[in-house]
K.L.:
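This structure is in structure tokens; I'll ask about it shortly.
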Amino acid sequence: MAVVITVPICLLLAVAGLAVQGRAEALGDARATRSEVGLSLRIQALVHQLQRERGLSNGLLGGEREFRPALAATRKRVDTALRGMHSDGAVEAVVQRHLQRLDGIRAAVDRGSPETNTKKTDTAETDPAETDPADRAATLAFYTDAVDALNSVDPVAETATGSDRQLRDALAAMRELAAAKESVALERGFLNGVFAARGFHGREYLTFTEIRATRVAALARFRQYATAPQRAALNKAFATAEAQRATAYESRAEGAADSSTLRADAGAWWDAMTVLVDDLYAVQQSIGDDASHRAERLSHNAEIGLAVCLLAGAFIAALLAGLAAFASRSLTRPLGALAEAAHDVARHRLPATVARIQRAPQDHGELLPTADAPDETDARLLGGAAEIAEVATSLHQVEHTALQLAAQQAGLRRNTTESLANLGRRNQNLVRRQLSLITRLERQELDPDALAELFELDHLATRMRRNAESLLVLAGQNPPRPTAAPADGLEVVQSAVAEVEHYRRVLIAPVEPVRVRGHAVADVAHLLAELIENGLTFSPPNEPVEVHGWYDTEDDTYCFAVVDHGIGMSEADKERANARLGDAGEEALLTTPTRFLGHLVVGRLAHRLGEGVQVHLFDTTGGGLSALLALPRRLLAPAEGSSTTSPPARPAVSSLLNGFRAGVARAEARSTQGASS
């Protein structure tokens, strides 16, 4: 009877407690969100004015003196917004750190000459605008760094919104729209200076394309979170006559990629883009107001719910306190013992036994424990009901069944791997004999037509050998092909090209001289062949696949790049592919789609080559996909009779290397963000 009464009492009290806790947390989240949305709107108001000051300053430095009156008015609005930021410590710290030299920058912009006061505080970092404030790029960077710093402390990015999907999406949409608006405002200010200067100079056109790409990505993310009315408001902002006029100016700027003279009215561009930025800011404010109102409604509902839960909990606690105290005694000891036993099974015994089974080379079934419960647990359960004892027995039976399944899975993986390895070794031996026979026939044949056919057979057999070796690589039992002496980088590339089907489509770009150590030649050639085959497969039949090779003096590595102009990959697929390229495990073989097994082969070959070998995929400029293989210095043999100074990188090579480093930096940033969250 005690058990029958106590269980409902405990459940009711637990439910009441969870309900009260949930309502209290919801109330705290809603209040915090409402306050932080208000702070975010104030921060974005300051950002909005800084963006306008940035653009006008850039235009003034470009030569458009008529921007000076508007710039003076904007500076006053910035100062007013800055005075309202002293209520929040984090925002004030950012303002002190990144905007403490704002007056000096403004003076330098007005003079159009380098700032003479270069005195810095002990904690300040050197800003490019301080050493050369009259330079458009340095001044633009100063304001952009300040805007980025303010956006980074925007509380919307860190607000905990609980389980309310509507509020969470509204805050996410607000965050992404802030990023898109910053890109639009940055483009406004950047092209303001370009139009004033009558054209692009240096790397300015590349900066322009990067700004536009950032805007497109941010708007795409915004549409994922925004509601239909919010998307409609955004579309309306981009459909105005001023937005269309700004688009026309952008198209004119795109046509000046060759640094030709760009004749455009900087004032008209500024007016059109300012309308667009103001419209985006209005959409941003509207979303913030919606989020604030939603937080207020949630706060009100949470207050009512909390009051109801507190009253109900107090009533239930007063009514059932006596019964709970009496009934709990009959359950405390047996349930505690059962919970401890379950904890021990789930946290210690089962994981340890499964790991031991998977590590065992053979006879894994002998490691299975019996399904009987330990005597210690039985002794602790003597005072419990028969049902609890049955649950304990069932728990041990579940443990025993789980161990049996783990042993079967380990045996299945082992048998699958051994079968693949056996099949690969057989094919490898047959192909080696076939290649030897074809080689003898080629030496004896004098007829050109017959010799050409023998060459085709030789090529097919070479591809079969690579497939057999790939199978052994996947099975983890393939020793590399022996190579007696180091080989030139060009020879390695040619060897890789000889092992692919459509080798005539491969364009070997200039490969800077290098010598690869003998033990790594076969694996590097095999790895490049897999990357080239992938590029040929996923690119149009009339498009060539390029192979480059160069020294990277910055990282002290030698790089091979395989570049195609095919269909490319989505960001999600690219992340998964890069994960496979860096995976040297064995379990992924049974779960990876067959069309991506080549990625596993590349990853395991790179792992076998040792530490420092990197393979990474990134987008090709103009469409397609590029793969870069970086070899450390330890895999390179000394050059014979050549200079030790590495030749400078060509422009195309620099572009490939920059794309590779940008892709690696994004991957590391995502990994760091995931770890911090």
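Start at 1 with the first residue, then count along the sequence.
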K.L.:
Rounded to the nearest 0.5 Å, how far does OG of Ser183 lie from CG of Leu219?
P.N.:
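Nearest 0.5 Å value for the CG-OG distance: 8.0 Å.
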
K.L.:
Is a donor on one side and an acceptor on the other found under 3.5 Å between the side chain of Glu512 and the backbone of Tyr551?
P.N.:
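Looks like yes, one N/O pair under 3.5 Å.
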
K.L.:
Could you tell me whether the side chain of Arg634 and the main chain of Glu611 form a donor-acceptor pair under 3.5 Å?
P.N.:
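Yes, Arg634 side chain to Glu611 backbone: donor-acceptor pair under 3.5 Å.
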
K.L.:
Calculate, to the nearest 0.5 Å, the distance between atoms OG and CZ belonging to Ser570 and Arg576 respectively.
P.N.:
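If we round to the nearest 0.5 Å, Ser570:OG and Arg576:CZ are 6.5 Å apart.
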
K.L.:
Does Glu571 reach the side chain of Asp619, with side-chain heavy atoms less than 4.5 Å apart?
P.N.:
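In contact.
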
K.L.:
Under 4.5 Å between any side-chain heavy atoms of His565 and Thr620, yes or no?
P.N.:
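Yes. Closest side-chain heavy atoms under 4.5 Å.
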
K.L.:
Where is the tightest heavy-atom contact between Leu617 and Asn578, given as atom of each residue plus distance?
P.N.:
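That closest heavy-atom pairing would be N-OD1, 2.8 Å.
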
K.L.:
Within the structure provided, determine whether Ser495 and Val492 are in side-chain contact (heavy-atom separation under 4.5 Å).
P.N.:
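No, their side chains stay 4.5 Å or more apart.
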
K.L.:
Does the side chain of His526 reach to within under 4.5 Å of the side chain of Glu530, using non-hydrogen atoms?
P.N.:
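When only atoms from C-beta onward are counted, Glu530 and His526 do touch, with a gap below 4.5 Å.
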
K.L.:
What is the minimum heavy-atom distance between Val511 and Val547, and which atoms define it?
P.N.:
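Distance-wise, the nearest heavy atoms are CG2-O, 4.4 Å.
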
K.L.:
For the CG atom of Leu527 and the CG atom of Leu629, what is their distance to the nearest 0.5 Å?
P.N.:
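Those atoms lie 5.5 Å apart.
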
K.L.:
Step by step, work out the side-chain contact (heavy atoms from CB on, under 4.5 Å) result for Ile508 and Gln494.
P.N.:
CA-CA 8 Å; Ile508 302 179; Gln494 291 171 340; 4.1 Å; yes

K.L.:
Please report the shortest heavy-atom distance between Phe190 and Glu204, naming the atom on each side.
P.N.:
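What the structure gives for the nearest pair is CZ-O, 3.1 Å.
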
K.L.:
Tell me which one of Glu182, Glu250, Glu210 satisfies salt bridge (charged side-chain N to carboxylate O under 4.0 Å, His left out) with Arg215.
P.N.:
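That would be Glu250; it is the only one of Glu182, Glu250, Glu210 passing the salt bridge (charged side-chain N to carboxylate O under 4.0 Å, His left out) with Arg215.
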
K.L.:
Donor-acceptor pairs are to be reported for all side-chain atoms of residues 537-545 against protein atoms at under 3.5 Å, with residues two or more places apart or in another chain.
P.N.:
from, atom 1, to, atom 2, distance (Å)
Thr537, OG1, Glu533, O, 2.7
Ser539, OG, Arg505, NH2, 2.9
Ser539, OG, Gly535, O, 2.7

K.L.:
Are Arg54 and Leu186 packed together at the side-chain level, in the sense that at least one heavy-atom pair is separated by less than 4.5 angstrom?
P.N.:
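SC-SC contact between Arg54 and Leu186 confirmed.
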
K.L.:
Counting C-beta onward and ignoring hydrogens, is there a side-chain heavy-atom pair between Tyr558 and Val516 closer than 4.5 Å?
P.N.:
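Counting from C-beta outward, Tyr558 and Val516 never come under 4.5 Å.
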
K.L.:
Minimum heavy-atom separation for Val613 to Leu609, with atom names?
P.N.:
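That closest heavy-atom pairing would be CG2-CB, 3.7 Å.
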
K.L.:
Are Glu546 and His548 close enough, and set up right, to give a side-chain hydrogen bond (donor to acceptor under 3.5 Å, both in side chains), and what steps lead you there?
P.N.:
CA-CA 7 Å; Glu546 305 169 12; His548 301 259; 3.0 Å; yes

K.L.:
Looking only at non-hydrogen atoms, find the nearest pair between Val562 and Leu531 and report the distance.
P.N.:
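So the two residues come closest at CG1-O, 3.9 Å.
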
K.L.:
Using the salt bridge (charged side-chain N to carboxylate O under 4.0 Å, His left out) rule, collect all pairs that involve residues 190-200, keeping only residues at least two apart or in two chains.
P.N.:
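Sorted pair list: Glu64-Arg198.
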
K.L.:
In Å, rounded to the nearest 0.5 Å, how long is the span from CG of Asp564 to CG of Leu507?
P.N.:
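Separation between the atoms: 13.0 Å.
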
K.L.:
Any chance you could lay out the side-chain contact (heavy atoms from CB on, under 4.5 Å) test for Ile105 and Tyr143, step after step, and finish with the verdict?
P.N.:
CA-CA 10 Å; Ile105 294 297; Tyr143 284 100; 4.3 Å; yes

K.L.:
Ignoring hydrogens, what is the shortest heavy-atom contact between Gly255 and Ser260? Give both atom names and the distance.
P.N.:
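Smallest interatomic distance, heavy atoms only, reads O-OG, 4.4 Å.
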
K.L.:
Output the distance between atom CZ (Arg221) and atom CD (Glu176), rounded to the nearest 0.5 Å.
P.N.:
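The CZ atom of Arg221 sits 4.5 Å away from the CD atom of Glu176.
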
K.L.:
Could you tell me if the side chain of Phe560 sits less than 4.5 Å from the side chain of Leu631, heavy atoms only?
P.N.:
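Heavy-atom side-chain distance check passes, below 4.5 Å.
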
K.L.:
To the nearest 0.5 angstrom, please state how far the CZ atom of Arg633 sits from the OG1 atom of Thr557.
P.N.:
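One gets 9.0 Å once the value is rounded to the nearest 0.5 Å.
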
K.L.:
For the residue pair Pro638 and Arg517, establish whether any side-chain heavy-atom pair is separated by less than 4.5 Å.
P.N.:
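Side-chain contact under 4.5 Å: yes.
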
